[in-house]
Novice: 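Quick one: this structure, given as structure tokens, is what I'll be asking you about.
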Amino acid sequence: MNKRPVWIKHAAQLATIAGGTAPRIKEGMSDLGIIEDGSVWIEDGEIRAVGTTAELEERYGSRAGDAEIVDASGRLVTPGLIDPHTHVVYGGSREKEFEMRLEGATYMEIMNAGGGIHATARMTREATEEELFEQSWKRLDSFLSHGVTTVEGKSGYGMDLETELKQLRVMRELNERHPVDLVPTFMGAHAVPLDWKGREDEFVDLLIREMLPKVAEEKLAQFNDVFCEVGVYTPDQTRKILEAGKAHGLIPKIHADEIEPYGGAELAVEVGAISAEHLLKASDEGIRKMAEAGTIACLLPATALFLREEAARGRDMVDAGVPVAISTDCNPGSSPTTSMTLVMNLACISMRMTPAEALVAATLNAACAIGMERRVGSIEEGKQADLVMWDVRNYQELQYLFGANHVDKVWKKGETVVSKEGEIRTQFVRA
Ligand SMILES: N=CN[C@@H](CCC(=O)O)C(=O)O
Ligand SMILES: [Zn+2]
């Protein structure tokens with residue numbers, strides 16, 4: 001824990017996103033609570049005060065000598081970004097499938113032939129806990145370097161009790177030892193294991209009978225997710241798994257309407273899911289129901305890009321009143337990226353969300369999608385001091401200068417965990 005307070009001063013724009021813990025909808029998604037010449041006082045890992053630099057001078061000026069002072073002149077400061085949907089703990093890599101897809105194979109063809117999720121499951125089963133820990137640690141470092149301070153992670157590359165528990169235990173240890181907060185989700189129903197093909201209902205029963213109770217007993221997950229998709233789990237099987245999870249205190253999430261329209265958005269509402277993920281093919285009725293119920297749409301535009309699919313209808317969802325969050329979906333098959341900045345850029349470019357909406361979707365609404373809204377997602381007194389200073393002047397520039405990493409500094413619980421000062425060593429000399 002940083003013993004000295006940190007005083008961030010003179011931010012050109014401090015995007016606080018302050019004002020309540022409910023997910024933002026409609027115009028609320030454009031309200032960034034910007035303070036110009038903004039200032040934040042951080043102490044004991046918490047945000048203690050937020051205001052203009054002049055206001056904080058009055059309150060803390062006498063203590064300036066005790067503090068580490070950070071001059072944020074000309075820069076944007078935001079809450080740490082939050083990634084509410086990842087498959088960050090996995091073994092191996094699938095770059096050959098990427099090539100196969102470019103040569104014409106589809107994602108589902110590769111998976112049905114025993115590749116895809118099954119290939120990663122084989123590599124994850126073979127990996128030791130130490131190997132998974134080390135590989136995933138590096139990915140969490142990469143998230144941090146992109147300004148992401150909280151990440152959700154799913155199991156699902158085992159689909160047998162032993163490997164599911166192994167993935168979840170690795171996540172627990174990462175959460176304890178890595179600065180990033182890692183929020184765990186059980187996803188034993190990520191695919192139908194190859195040796196259970198044709199006996200899907202029996203596998204669902206096994207998952208409910210053996211896996212869910214063990215995961216719950218060891219308190220290894222907060223959420224329960226299912227890949228509800230044509231050729232994977234039907235809506236009925238999904239409902240059964242999620243209802244059983246609820247009885248163990250696990251909150252439902254659904255990979256819904258990703259490849260084919262399948263009533264996944266409607267089912268998310270019916271089972272009281274906190275969020276529905278993907279939604280590329282969600283129906284108008286599903287979107288309407290999600291808006292009515294306040295179910296969060298977790299949209300994954302980098303996945304759509306990487307699979308060369310049309311992105312979800314982010315603009316329509318925001319306009320319909322659905323609370324929208326965005327995420328990398330970091331995984332080895334459909335989105336091997338850790339860049340939430342790219343995801344924000346794509347939210348604007350592929351889904352016609354505005355720069356402000358994209359930032360809310362990657363902070364407060366993302367926090368709400370994983371039940372972390374009381375601790376993170378905005379810059380407010382009492383919240384965890386997770387912040388990013390960006391080398392851009394305003395929030396529009398962050399989305400406009402796309403494809404680059406503009407992170408300058410990242411604080412996690414008040415500690416500097418990324419600092420790019422002096423990283424580039426060229427020297428500009430005017431001719
Ligand atoms: N669609 C299902 N699951 C993951 C992909 C997992 C993989 O291909 O390894 C997703 O969310 O995109
Ligand atoms: Zn996913």
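Just so you know, ligand 1 is whichever comes first in the structure, and atom 1 is the first atom listed for that ligand. Just so it is clear, the values below take in all heavy atoms, side chains as well, and ignore hydrogens, waters and symmetry mates.
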Novice: So, 4.0 Å and heavy atoms of Met111: is ligand 1 close enough to count as a contact?
Specialist: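 False for this residue.
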Novice: Of all the non-hydrogen atoms in the protein, which one sits nearest to atom 9 (O) of ligand 1, and at what distance?
Specialist: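 Checking every protein heavy atom, the shortest distance to atom 9 (O) of ligand 1 gives Tyr157 OH, 2.6 Å.
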Novice: Side chains of Val40 and Leu387, heavy atoms from C-beta outward: is any pair under 4.5 Å?
Specialist: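 The answer is yes; the side chains approach within 4.5 Å.
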Novice: So for atom CD, which belongs to Glu210, do other residues, nucleotides or ligands contribute more than 12 heavy atoms lying within a distance under 6.0 Å?
Specialist: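 Enclosed.
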Novice: From the options Thr149, Thr150, Thr328, select the one residue that forms a side-chain hydrogen bond (donor to acceptor under 3.5 Å, both in side chains) with Asp83.
Specialist: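 When side-chain hydrogen bond (donor to acceptor under 3.5 Å, both in side chains) is applied between Asp83 and each of Thr149, Thr150, Thr328, only Thr328 qualifies.
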Novice: Judging by distance only, is a nitrogen or oxygen of His255 under 3.5 angstrom from one on ligand 1?
Specialist: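 Between His255 and ligand 1 (N or O atoms, distance only) the closest approach is under 3.5 Å.
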Novice: Is there a side-chain contact between Lys166 and Leu132 in this structure, where contact means two heavy atoms from C-beta onward sitting under 4.5 Å apart?
Specialist: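 Contact flag for Lys166/Leu132 side chains = yes.
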Novice: Confirm or rule out an N/O/S atom of His278, from backbone or side chain, lying less than 2.8 Å from the Zn ion (ligand 2).
Specialist: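 No, outside the cut-off.
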Novice: Just let me know how Tyr90 lines up against ligand 1, side chain, backbone, both or neither, with a heavy-atom cut-off below 4.0 Å.
Specialist: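 No part of Tyr90 comes within reach of ligand 1.
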Novice: Identify whether the distance between the nearest side-chain nitrogen and carboxylate oxygen of Glu173 and Arg177 falls below 4.0 Å.
Specialist: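 Counted as a salt bridge, because a side-chain N and a carboxylate O are separated by less than 4.0 Å.
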Novice: Considering heavy atoms of the protein only, find what lies nearest to atom 3 (N) of ligand 1 and give residue, atom and distance to 0.1 Å.
Specialist: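 For this ligand atom, the closest protein heavy atom is His190 NE2, 2.8 Å.
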Novice: Before moving on, can you tell me the angle at the Zn ion (ligand 2) between the OD1 atom of Asp329 and the NE2 atom of His87, to the nearest 10 degrees?
Specialist: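 With the Zn ion (ligand 2) as the vertex, the angle is close to 90°.
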Novice: Heavy-atom contacts with Ser334 under 4.0 Å: which atoms of ligand 1 show up? List them by number with element.
Specialist: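 Those atoms are 5 (C), 8 (O), 10 (C), 12 (O).
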Novice: Ignoring hydrogens and geometry, is there a side-chain-to-backbone donor-acceptor pair from Gln167 to Val89 under 3.5 Å?
Specialist: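 Looks like yes, one N/O pair under 3.5 Å.
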Novice: How far is atom 10 (C) of ligand 1 from the closest protein heavy atom, and which atom is that?
Specialist: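 The answer is Asp329 OD2, 3.2 Å.
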Novice: Do the non-hydrogen side-chain atoms of Ile254 and Phe227 ever get within less than 4.5 Å of each other?
Specialist: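 No, their side chains stay 4.5 Å or more apart.
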Novice: Can you report which non-hydrogen protein atom sits closest to atom 8 (O) of ligand 1, along with the distance?
Specialist: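 Minimum-distance protein heavy atom for atom 8 (O) of ligand 1 reads Tyr107 OH, 2.5 Å.
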Novice: Which of the atoms of ligand 1 are close to Arg94, meaning less than 4.0 Å from one of its heavy atoms?
Specialist: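 Counting atoms of ligand 1 from 1, those under 4.0 Å from Arg94 are 7 (C), 8 (O), 9 (O).
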Novice: Ligand 1 and His278, any nitrogen or oxygen pair closer than 3.5 angstrom?
Specialist: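 Between His278 and ligand 1, an N or O pair is found under 3.5 Å apart.
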Novice: Got a sec: does the NZ of Lys219 have more than 12 other heavy atoms crowding it under 6.0 Å?
Specialist: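 At most 12 heavy atoms, drawn from other residues, nucleotides or ligands, come within 6.0 Å of this atom.
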Novice: Taking the cut-offs as 6.0 angstrom to the six-membered ring centre and 45 degrees off its axis, would you call Arg139 and Tyr90 a cation-pi pair?
Specialist: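 Yes, Arg139 and Tyr90 form such a contact.
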Novice: Looking only at heavy atoms of Glu229, does any of them come nearer than 4.0 Å to an atom of ligand 1?
Specialist: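 Heavy atoms of Glu229 never come under 4.0 Å of ligand 1.
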Novice: Does Glu277 have a non-hydrogen atom less than 4.0 Å from ligand 1?
Specialist: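 No, Glu277 has no heavy atom closer than 4.0 Å to ligand 1.
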Novice: Could you check atom 1 (N) of ligand 1 against the protein and tell me its nearest heavy-atom contact, residue, atom and distance included?
Specialist: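 Ranking protein heavy atoms by distance from atom 1 (N) of ligand 1, first comes Glu258 OE1, 2.7 Å.
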Novice: When you compare the side chain of Thr363 with that of Thr78, does any pair of heavy atoms fall below 4.5 Å?
Specialist: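 A side-chain contact under 4.5 Å is absent here.
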Novice: For ligand 1, which atoms, with element, lie under 4.0 Å from some heavy atom of His85?
Specialist: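 Selected atoms, number and element: 11 (O).
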